Amino acid sequence: MNIEKLMQSLEAKHPGENEYLQAVHEVLMTIEDVYNAHPEFEQAKIAERLVEPDRIITFKVPWVDDRGDVQVNLGYRIQFNNAIGPYKGGLRFHPSVNLSILKFLGFEQIFKNALTTLPMGGGKGGSDFNPKGKSDAEVMRFCQAFMTELWQYIGPETDVPAGDIGVGGREIGYMYGMYRKLARQNTGVLTGKNLEFGGSLIRPEATGFGGLYFVKQMLETAGTSLKGKTIAISGFGNVAWGAATKATELGAKVVSISGPDGYIYDEDGISGEKIDYLLELRATCNDIVSPYAEKFGAKYIPNRRPWELKVDIALPCATQNELDKNDAKLLIENGVICVGEISNMGCTPEAIDLLLKHKIMYGPGKAVNAGGVATSGLEMTQNAMHLSWTAPEVDAKLHQIMSEIHTQCVRYGRENDGYINYMKGANVAGFLKVAKAMMAQGII
Ligand code: NAP
């Protein structure tokens with residue numbers, strides 16, 4: 001495989017799609033050896049076929065706001081690769097959403113879903129709609145308008161969207177309602193549903209829980225544990241609260257959460273009633289960071305990121321490229337031992353290079369946060385069987401899946417000196433599964 005040539009051709013075809021090109025480059029660099037060891041992959045142009053989505057659906061989403069004004073947003077669904085199962089991946093509603101971001105997320109999703117051991121292909125979608133500051137009625141009208149177009153392209157055996165930034169249980173509920181009305185079917189077409197209409201126990205917290213199960217195994221493999229460790233977390237959304245809850249349960253102390261305008265440092269630890277309070281704030285107001293600082297006497301540090309704190313573990317839980325080279329340098333100087341991305345592509349390539357160079361444990365998003373989509377896969381299974389598993393049953397399966405992902409990363413990522421390159425391990429394991437499926441199914 002000639003990576004340089006392939007990247008040049010992609011850059012020429014998709015200029016300015018930086019996040020997408022970044023994600024593709026990372027995967028190609030880490031699978032190069034294993035790819036070249038299989039000349040049949042090159043002959044079948046597996047890399048060239050894998051880096052382009054099967055199709056991209058774009059549509060306009062007109063809706064009416066509370067003042068009676070018409071608003072028009074853009075909607076997307078990227079159906080990236082379905083070699084091992086129906087397209088599967090979240091919907092992101094955020095003003096920054098564009099093709100590059102959704103293509104990077106969809107591309108990552110192919111390998112993440114392959115790692116889960118479940119039969120799910122990769123996809124992603126969303127809109128530049130900003131749910132922040134919108135009334136409940138506006139969010140409902142937007143979700144209904146979005147689904148009025150999307151419904152014809154998705155289905156329980158075709159493409160199964162879920163949540164992501166800006167899309168939680170409320171948005172999934174509104175979209176599911178419109179799908180059900182248009183398709184006249186109650187099916188597992190979306191995951192992250194409420195329990196009353198086919199949702200799975202543990203799904204809301206699964207990404208954060210799974211992340212901590214993975215980090216726990218990373219530490220144990222290195223001969224240490226989560227007990228007594230301090231953790232910096234960024235963001236406080238769907239993912240971060242599950243991560244904070246499980247980290248505390250496993251004996252660690254979470255000392256930060258953040259928003260786009262700064263972070264709070266709570267040296268007593270963010271747990272129990274403090275997490276409940278944050279969840280309340282999240283449901284009722286836009287700004288959760290400073291009211292928390294006031295109520296619990298924690299420090300609010302505006303316009304900064306929590307990676308300047310002296311902690312043992314850093315868990316990015318907000319958005320892509322939120323931890324850069326400078327942040328990695330500070331973390332290393334402050335003695336960090338592990339960085340686990342629970343957000344997708346949370347670290348920049350330069351930050352990752354530095355972490356690997358210093359042999360810091362680094363878990364890539366596609367492995368660490370795979371518990372979310374894995375539990376979505378379990379929700380699909382329950383929907384197909386028309387039954388629900390108990391919380392301990394789902395949690396045990398999630399635990400098992402995260403453990404298998406860890407095993408695959410170690411198998412393909414262990415280097416000669418014993419250091420485990422989890423990024424390489426995750427990319428190679430995910431890639432091999434998809435590539436073998438593509439080979440077996442011919443040129444299509
Ligand atoms: P979310 O509920 O919308 O939360 C995102 C959090 O990050 C919020 O606290 C948000 O703050 C903050 N944030 C967003 N953009 C930011 C920025 N540019 N700078 C600093 N903070 C920012 O989203 P989520 O579902 O937790 O997703 C977080 C990350 O996890 C994303 O990378 C997502 O792709 C990944 N992920 C999610 C799932 C899942 O199950 N939801 C699964 C796998 C991976 P404000 O609310 O104040 O803007």
Side-chain angles (χ1 to χ4, degrees), residues 19 23 88-97 101-102 104-109 112-113 115-116 122 124-126 129-134 161-172 190-192 199-200 202-211 214 233-244 256-264 278-279 281-292 302-307 315-324 327 340-347 363-377 379 398 402:
E19 293 85 0
K88 178 91 195 91
L91 296 171
R92 177 175 290 195
F93 292 170
H94 193 271
S96 65
V97 159
I101 289 181
L102 296 182
F104 115 66
L105 288 163
F107 183 69
E108 291 272 296
Q109 199 82 43
K112 182 192 310 191
N113 293 2
L115 284 171
T116 65
K124 199 80 189 186
F129 172 73
N130 186 1
K132 265 192 160 182
K134 302 287 189 301
D164 191 76
I165 290 180
V167 179
R170 174 182 63 166
E171 291 75 17
I172 293 288
L190 290 165
T191 56
S200 173
I202 305 286
R203 177 62 190 92
E205 52 274 61
T207 310
F209 276 26
F214 193 90
I233 281 184
S234 61
F236 197 77
N238 298 324
V239 165
W241 75 265
S256 75
I257 56 151
S258 73
D261 50 353
Y263 74 92
I264 57 151
L278 282 167
L279 287 171
L281 280 178
R282 206 180 144 227
T284 53
C285 88
N286 285 333
D287 181 10
I288 58 167
V289 175
S290 43
Y292 176 100
N303 303 319
R304 303 266 280 274
R305 298 190 278 203
W307 317 131
L315 301 178
C317 290
T319 192
Q320 65 277 352
N321 291 328
E322 53 168 318
L323 194 160
D324 65 18
D327 299 321
E341 286 177 343
I342 310 192
S343 50
N344 281 308
M345 208 163 77
C347 299
K366 61 172 79 68
V368 182
N369 73 32
V373 71
T375 309
S376 278
E379 183 175 329
L398 169 62
M402 295 315 294

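Numbering of ligands and ligand atoms starts at 1, following listing order. Everything numeric here is computed off the predicted structure, so don't read it as measured data.
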Exam field: side chain T207 to backbone V239, donor-acceptor pair closer than 3.5 Å:
no

Among I165, T375, I101, which residue places a heavy atom closest to atom 23 (O) of ligand 1?
I165

Between N344 and K366: side-chain donor-acceptor atoms closer than 3.5 Å:
no

Backbone or side chain, does any N or O of K124 fall under 3.5 Å from an N or O of ligand 1?
no

Which ligand 1 atoms does S343 reach within 4.0 Å, using its non-hydrogen atoms?
29 (C), 30 (O), 32 (O), 35 (C)

Which is closest to atom 21 (N) of ligand 1 in terms of heavy atoms, A318, A370, A240?
A318

Using a 4.0 Å heavy-atom cut-off, which part of K132 comes near ligand 1: side chain, backbone, both, or neither?
side chain

Run the numbers for me: atoms of ligand 1, each under 4.0 Å from some heavy atom of R92, listed by number.
31 (C), 32 (O), 33 (C), 34 (O)

Look only at the side chain of W307 and the backbone of E322, and say whether a donor-acceptor pair between them is shorter than 3.5 Å.
yes

D324: partners by side chain to side chain contact (heavy atoms under 4.5 Å, CB included), with sequence neighbours left out
R305, N326, D327, T348

Taking the non-hydrogen atoms of E341, is any one of them nearer than 4.0 angstrom to ligand 1?
no

Set of residues satisfying ring-ring contact (aromatic ring centres under 6.0 Å, His included) with respect to F214, sequence neighbours excluded
H406, Y422

Just by distance, do the side chain of N369 and the backbone of I342 share a donor-acceptor pair under 3.5 Å?
yes

Would you indicate which of N369, L105, D164 comes nearest to atom 33 (C) of ligand 1 when only heavy atoms are counted?
D164

